[in-house]
**Q** 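I'd like to ask you about the structure that follows.
These numbers come from the heavy atoms of this one structure, side chains and all, not from hydrogens, waters or symmetry mates. Each chain gets a letter, A, B and so on, in the order its sequence line appears, and its residues count up from 1.
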Amino acid sequence: MPNILFYLTDLTYKIENEKPVIYLFGRTKEGKRIIIKDTSFQPYFYLIVKEEQALEKIKKLVLEDAKIIKIEPAKKNYFEKEILVYKAEVNYPSSVPKFKDELKNWKEVERVLEADILFTRRYLIDKKLTPMTLVKVEGEQIRDQAKVPVFLAKKIYQDDENSIIQPKILALDIETYNPEGKKMNPDRNPIIMLALKGEKFEKVLTWKRIDGKNIDVLNSEADLLQRFKEIIEEEQPDIITGYYSDGFDLPYIRARADKYKIKLDLGWDFSELSIKGRTEKTAEIKGIIHVDILKFIRRVMRTTLNTDTYDLESVSQELLGAHKHEVHLDLLAQTWDKEDKKQLKVFAEYNLHDSELCYQLCNKLLSNMLGLVKIISLPLFDVQRMSFSQLVEWYTIKKAQEFNELIPNKPGFYTQQERNKKRLHGAFVYKPIPGLYSNMVVFDYRSLYPSIIASHNISIGTVNGENCKEKETVPTEYGEAYVCKDKKGFLSVIIGEIISRRAEIKDALKKKPDSFLKARSEALKLLANSFYGYLAFSLARWYCFEGAEATTAWARYYVQDVIKKAKDSGFKVLYADTDSAFLLLENKTKKDALKFCEDINEKLPGLMELELQGYYPSGLFVGTKGTGTGAKKKYALLDENSKVIVKGFETVRRNWSFIAKEVQKEVLDIILKEQNKQKALKYVKETVKSLEKNQTEISKLIISTQLQKPIEEYESIGPHVAAAQILEKKGESVVPGMMLKFVICKGEGKIRDKVKLPEDVKQEDYDGDYYIEHQIIPSVETIFTVLGIDVQKELKEKDQKTLGDF
DNA sequence: TTTAGTCGGGG
DNA sequence: GTGTACGACTAAA
């Protein structure tokens, strides 16, 4: 019997001869596509019963086609306590929910468990297989209806978990006929261009005469769709990727293909491209992994990205440093109608470029995604669409199998609502005294929340657990709580494993860099940091609010402990927030700071660790505008490499004009690097002078704001709405979501009456006073206030002096 | 202030 | 498919 080594990429199941059959899709080590069939796996669920005699009755229960094959007792843990349960094996996966709905109402049945774990996922967990890695099969080739060779498995098991597939990626992007602007209608409007981009492949399909390299002109939209199908078959990609392709490109392609009765049977088993879901769609092709990059970015990369809009332009800019081609998409439909060859070529290039950006994003994020697949052990298709809480939950489900823990049920609607009402006591913040400081050190606890959960045995069965002999009191200010120390908590142990594994990988990385190991380390960090949130997440199976409360209580305790010890050792404490403390060195040295850190670490339990995060020659803390007391999470630091780090200043994030951002950055630079407030003030005065004399470049004055709704719906006409009205008057289509760029110009009336579009602004038009009052002053006011300077006053005095000079 | 409803992305 | 996101923001109560 031959052995086959293959990378498992995807799986599904079918019912054949009244039995469930698992289909595993993959690529052999040599790169050949294969399907493995496994008929050895049976669906099941667990029952906790009040009266054992009910089991005989249950065994005989038949609900339509649903039958129970056997019931046998098993010892499992339920919320970390040993319990006797019954494992019920049934004929079909679809029988499971039928029995669940029936049995949950029986008075003899206490609980039905693990009846909502999808069959294919259950298969992976039970067989301990990890997708995208090497799996070994013993089996024989059989004759079957499929595009690739099919084998029937006798035995199947994980081979080398560290050997990861190098998948072939093909990115796609469509352009549609869009006479109504952003309102899209797949029933009426055709696909006019379709771009595909792979490592060695790039092509735009269209059906009107456009000349150009890589442009394939077909006779009709139907031919375009046929050609698309052929290319997928020829290229045989492992991954098809797109940007919002779950919600737009693939559903649109499917809808147009349906119109022409073209069968998109792209699956390896001749199954069709399927679109599932009502509110949130997903598009799936059996055998080919469909990756929607937008979903991964929105759900997982969200926290690491600075941008808060997730359109392709913003994301490409941040992750790739690349921009989309600039085109007037609103003109696409009329250009298409006019058959303007030259302009259509511009759109075709735009289309291809979008698919290329998507290809590059997928390539770039692939190691992050595979890092997660490796840990969670679910298909890339699934992992790529999961939120943090789902990732934590499925990691925990995988681990539950190893620890013989039963998987708790998801909460019902009522329970969720109750949980949502609860508010958690958060982090401790020691507010700074506004000022400019020199020689600071910053300490922070490495992975504070996860390390507390691991080190203090926080878990669902240990926090305020029953029948407890050895207890540790939680240092909480609100009520009383303890953690039971009699035995290790399940959640605490698995989070400890994540932390330790990450430490090992980081050590290995120090010796030898490796991109996949690096991605795994990042994935582990992500998972560890999500655990605390998961404990307080209302939809969590392992919901543990008291555990989350205990975690933040300890976090507050440890940060305050650093503050207290720092004061005792003669450091001045400047600021502390959540897991970090900022100390002033004064007459102490960096060596003293390191010694202080070591002393604290000696007394910390388990995996907890305080780190010297950095040394900063200077730092500035500002006050809030109203009260003047120290603002939280708002400061600027100069690091040892003379780099200025700015946190929490609004100009960094919001849509301020470039000039406001530039002035703020320059002022912080001068103050932190040269400690020269007069020079900073002089700089501001010069900028103001240039503004007053209308010498500032128009491009630095553009303010951009996103239009949130149709302009008719705005009651108060803000400047961006005024800009939208001007655009509309010019005959351009204005739709919600578009970015409006405008400049405030001289004139009478309200701000909205002074709005002009950048291209209409002449050098002498702009309103310098507006920019001084509403952009420059607000961006630097709090900084100067800290330094004892009233900018407002200083700038007015300057005015009088210049008047006096004349 | 609380609650119910919509939106994101895509052309 | 052994299914139905989620967090932010806005409008209405």
Side-chain angles (χ1 to χ4, degrees), chain A residues 12-15 20 42-46 66 88 90-101 112-123 172-186 189-193 242-253 274 276-282 284 292-299 302-303 308-315 324 327-333 335-336 347 350-351 354 358 382 385-390 407 409-410 413 416-417 420-421 533 537-539 706 708-709 713-715 733 735-738:
Chain A
T12 187
Y13 83 93
K14 292 179 190 186
I15 304 296
Q42 218 49 50
Y44 65 88
F45 61 94
Y46 290 106
V90 300
N91 54 344
Y92 304 132
S94 62
S95 305
V96 176
K98 289 177 187 162
F99 284 118
K100 175 186 73 181
D101 289 340
V112 182
L113 286 160
E114 305 200 7
D116 56 356
I117 308 298
L118 300 182
F119 189 53
T120 52
R121 291 185 179 184
R122 164 66 80 196
Y123 178 85
L172 103 169
D173 182 48
I174 61 168
E175 304 302 323
T176 61
Y177 185 70
N178 60 343
E180 295 145 286
K182 242 181 125 53
K183 243 179 153 185
M184 287 168 245
N185 189 338
N189 299 327
I191 295 167
I192 56 182
M193 291 174 193
Y243 204 82
Y244 195 41
S245 40
D246 259 346
F248 179 67
D249 300 73
L250 290 175
Y252 210 107
I253 288 171
S274 68
K276 289 171 191 155
R278 286 176 120 206
T279 49
E280 175 88 340
K281 282 181 225 168
T282 48
E284 193 172 7
D292 184 346
I293 285 296
L294 170 68
K295 276 210 176 125
F296 187 67
I297 283 172
R298 278 239 310 251
R299 294 194 181 157
R302 185 168 42 115
T303 47
D308 30 35
T309 44
Y310 300 104
D311 52 33
L312 184 57
E313 166 64 24
S314 317
V315 171
K324 272 164 75 102
V327 296
H328 256 291
L329 264 182
D330 300 327
L331 302 179
L332 176 56
T335 311
W336 181 259
F347 282 113
Y350 163 85
N351 185 207
D354 269 10
C358 186
D382 297 7
R385 287 169 176 75
M386 285 179 163
S387 59
F388 289 117
S389 50
Q390 283 179 296
I407 303 163
N409 285 329
K410 282 189 248 178
F413 183 71
Q416 276 174 46
Q417 284 204 316
N420 271 326
K421 283 182 193 151
F537 174 55
S538 63
L539 293 163
Q706 200 175 33
Q708 298 295 342
K709 52 188 177 185
E713 285 175 28
Y714 278 91
E715 287 202 14
S733 74
V735 285
M738 74 187 293

**Q** Decide whether Y44(A) and R122(A) meet the rule of one side-chain donor and one side-chain acceptor closer than 3.5 Å.
**A** yes
**Q** Ion pair present between E280(A) and R299(A), side-chain N to carboxylate O less than 4.0 angstrom?
**A** yes
**Q** Among dT2(C), dG9(B), dG10(B), which nucleotide sits nearest the side chain of Y310(A)?
**A** dG9(B)
**Q** Here's a test of your reading of the structure: between R298(A) and Y177(A), which maps to the more 5' nucleotide of DNA chain B?
**A** R298(A)
**Q** Roughly how many Å is it from CD1 in I191(A) to C1' in dG11(B), rounded to a whole number?
**A** 12 Å
**Q** Checking contacts here: which listed nucleotide (dG3(C), dG11(B), dT2(C)) is nearest the side-chain heavy atoms of D330(A)?
**A**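 From the listed options, dG11(B) comes nearest.
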**Q** May I have the distance from I15(A) (atom CD1) to dG1(C) (atom P), rounded to whole angstrom?
**A** 15 Å
**Q** Name the nucleic acid region contacted by F119(A), choosing base, sugar-phosphate or nothing; use a 4.0 angstrom heavy-atom cut-off, strictly under.
**A**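 Base contact - F119(A) has a heavy atom under 4.0 Å of at least one base atom.
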**Q** Within this structure, what is the CG-to-C1' distance between L332(A) and dG10(B), rounded to whole angstrom?
**A**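 So the two atoms are 13 Å apart, to the nearest Å.
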**Q** Among the nucleotides dG10(B), dG11(B), dT2(C), which one has an atom lying closest to any side-chain atom of P43(A)?
**A** dT2(C)
**Q** Around atom NZ of K98(A), are there more than 12 heavy atoms from other residues, nucleotides or ligands closer than 6.0 Å?
**A**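 Buried by this count: over 12 neighbours within 6.0 Å.
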**Q** Just N and O in the side chain of S389(A): are any of them under 4.0 Å from OP1 or OP2 of dC6(C)?
**A** yes
**Q** Less than 4.0 Å between a side-chain N and a carboxylate O, is that true for R385(A) and D246(A)?
**A**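 Here D246(A) pairs with R385(A) in a salt bridge, since their nearest N and O are under 4.0 Å apart.
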**Q** If only side-chain N and O atoms of K276(A) are considered, is one of them under 4.0 Å from the OP1 or OP2 phosphate oxygen of dG1(C)?
**A** yes
**Q** Using atom CG of N178(A) as one end and atom P of dG11(B) as the other, report the distance to the nearest whole Å.
**A**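 After rounding, the reported distance stands at 9 Å.
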**Q** So, do T176(A) and P190(A) sit near enough that their side-chain heavy atoms are less than 4.5 Å apart?
**A** no
**Q** In whole angstrom, what separates E280(A)'s CD from dG3(C)'s P?
**A** 19 Å
**Q** When rounded to the nearest Å, what value does the distance between P atoms of dC6(C) and dG11(B) take?
**A** 26 Å
**Q** Y44(A) near the nucleic acid: base, sugar-phosphate alone, or nothing, with a heavy-atom cut-off under 4.0 Å?
**A**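 Result for Y44(A) = base.
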**Q** Classify R385(A) by what it touches in the nucleic acid, base, sugar-phosphate, or nothing, heavy-atom distance under 4.0 Å.
**A** nothing
**Q** Measure from CZ on R121(A) to C1' on dT2(C) and round the result to the nearest Å.
**A**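 Checked: the CZ to C1' distance equals 11 Å.
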**Q** By the 4.0 Å heavy-atom rule, please label D246(A) as base, sugar-phosphate, or nothing.
**A**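 Answer is nothing: D246(A) stays at 4.0 Å or more from every strand.
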**Q** Answer with base, sugar-phosphate or nothing: what part of the nucleic acid does P97(A) contact at a heavy-atom distance below 4.0 Å?
**A**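 Counting heavy atoms under 4.0 Å across all strands, the contact made by P97(A) is with sugar-phosphate only.
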**Q** Would you mind classifying the nucleic acid contact of F537(A) as base, sugar-phosphate or nothing, using non-hydrogen atoms under 4.0 angstrom?
**A** sugar-phosphate
**Q** Name the nucleic acid region contacted by G277(A), choosing base, sugar-phosphate or nothing; use a 4.0 angstrom heavy-atom cut-off, strictly under.
**A** base
**Q** Indicate yes or no for a side-chain donor-acceptor contact from N178(A) to the backbone of L329(A) under 3.5 Å, with no hydrogens or angles considered.
**A**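 Looks like yes, one N/O pair under 3.5 Å.
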**Q** With sugar-phosphate meaning primed atoms plus P, OP1 and OP2, does Y123(A) contact a base, only sugar-phosphate, or nothing at under 4.0 Å between heavy atoms?
**A**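 Nothing: the residue Y123(A), judged by heavy atoms under 4.0 Å, touches no strand.
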**Q** Checking only heavy atoms, does the side chain of D292(A) share a donor-acceptor pair with the base of dG9(B) at less than 3.5 Å?
**A**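 Per atom types, no contact qualifies.
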**Q** With C1' as the reference atom in both, quote the distance from dC7(B) to dA5(C) in angstrom, rounded to an integer.
**A**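 Per the computed distance, 13 Å lies between those C1' atoms.
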**Q** Between atom CD in E284(A) and atom P in dT4(C), what is the gap in whole Å?
**A** 16 Å
**Q** Any side-chain N or O of K410(A) less than 4.0 Å from the OP1 or OP2 oxygen of dT4(C)?
**A**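 Yes, K410(A) has a side-chain N/O under 4.0 Å of OP1/OP2 on dT4(C).
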**Q** Grab the CG-P distance between L329(A) and dG9(B) for me, whole Å please.
**A**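 Going from L329(A) (CG) to dG9(B) (P), I get 16 Å.
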